[in-house]
Amino acid sequence: MRPIIEFCQSNMHTGTDQVMKKLEADPDYDIIEYGCLGNCGQCYAMPYALVNGEIVASKDADTLYTLILEKVNEADAWADLDLD
């Protein structure tokens, strides 16, 4: 399953616009930008995104990029488990 990574347009002032551009270059990710994701307090305070519906936030955009990739890899690892 392709990861869905969602960004809030109102959070772009924190540098998430650059993170989004980097991730858009990878065709294995579905990147969606919304006008508002409804997390206004978090949006005002720090860079964040939703990865498969879970909030990933960080003190700066570079760290956010790394955390997003880690969350995607974590989801891939769970998907690869054979639960039969």
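All values below come from the heavy atoms of this structure, side chains included, with hydrogens, waters and symmetry mates left out. From a predicted model like this one, the values you see are computed outputs, not experimental measurements.
- The shortest heavy-atom contact between Glu6 and Tyr34 is OE2-CE1, 3.1 Å.
- In this structure, Leu37 CG and Ile55 CD1 are separated by 9.0 Å, a value rounded to the nearest 0.5 Å.
- Taking hydrophobic clusters as Ile, Leu, Val, Met, Phe, Trp and Tyr residues chained together by side-chain heavy-atom distances below 4.5 Å, Met20 does not share a cluster with Leu50.
- Atom CE of residue Met12 and atom CG of residue Asp17 lie 6.5 Å apart, to the nearest 0.5 angstrom.
- Counting heavy atoms from C-beta on, the side chains of Lys59 and Met46 never come closer than 4.5 Å.
- Remark: the backbone N or O of Tyr48 is paired with a side-chain donor or acceptor of Asn11 at under 3.5 angstrom.
- Of all heavy-atom pairs spanning Asp60 and Pro47, the tightest one is C-CG, 3.6 Å.
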Worked check of salt bridge (Lys or Arg N to Asp or Glu O under 4.0 Å) between Lys21 and Glu24: CA-CA 5 Å; Lys21 286 179 187 176; Glu24 284 177 328; over 6 Å; no
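- Val72 is listed as a side-chain neighbour of Ile5, based on a closest heavy-atom distance under 4.5 Å.
- The side chain to side chain donor-acceptor pair (under 3.5 Å) test applied to Asp30 returns Arg2, not counting sequence neighbours.
- With values rounded to the nearest 0.5 angstrom, Phe7 atom CZ is found 9.0 Å from Glu33 atom CD.
- Shortest non-hydrogen contact noted between Ile31 and Leu23 is CD1-CB, 3.7 Å.
- To the nearest 0.5 Å, atoms CD1 (Ile68) and NZ (Lys22) are separated by 10.0 Å.
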Verdict with reasoning, Tyr29 to Leu69, per side-chain contact (heavy atoms from CB on, under 4.5 Å): CA-CA 10 Å; Tyr29 303 144; Leu69 294 180; 3.5 Å; yes
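- Not a single donor-acceptor pair under 3.5 Å links the side chain of Asn52 to the backbone N or O of Pro3.
- The two residues Ala61 and Thr16 come nearest to each other via the heavy atoms CB-N, 4.4 Å.
- Between Thr14 and Cys43 the shortest heavy-atom distance is CG2-O, 4.4 Å.
- Nearest heavy-atom pair across Cys8 and Gly35 is SG-O, 3.8 Å.
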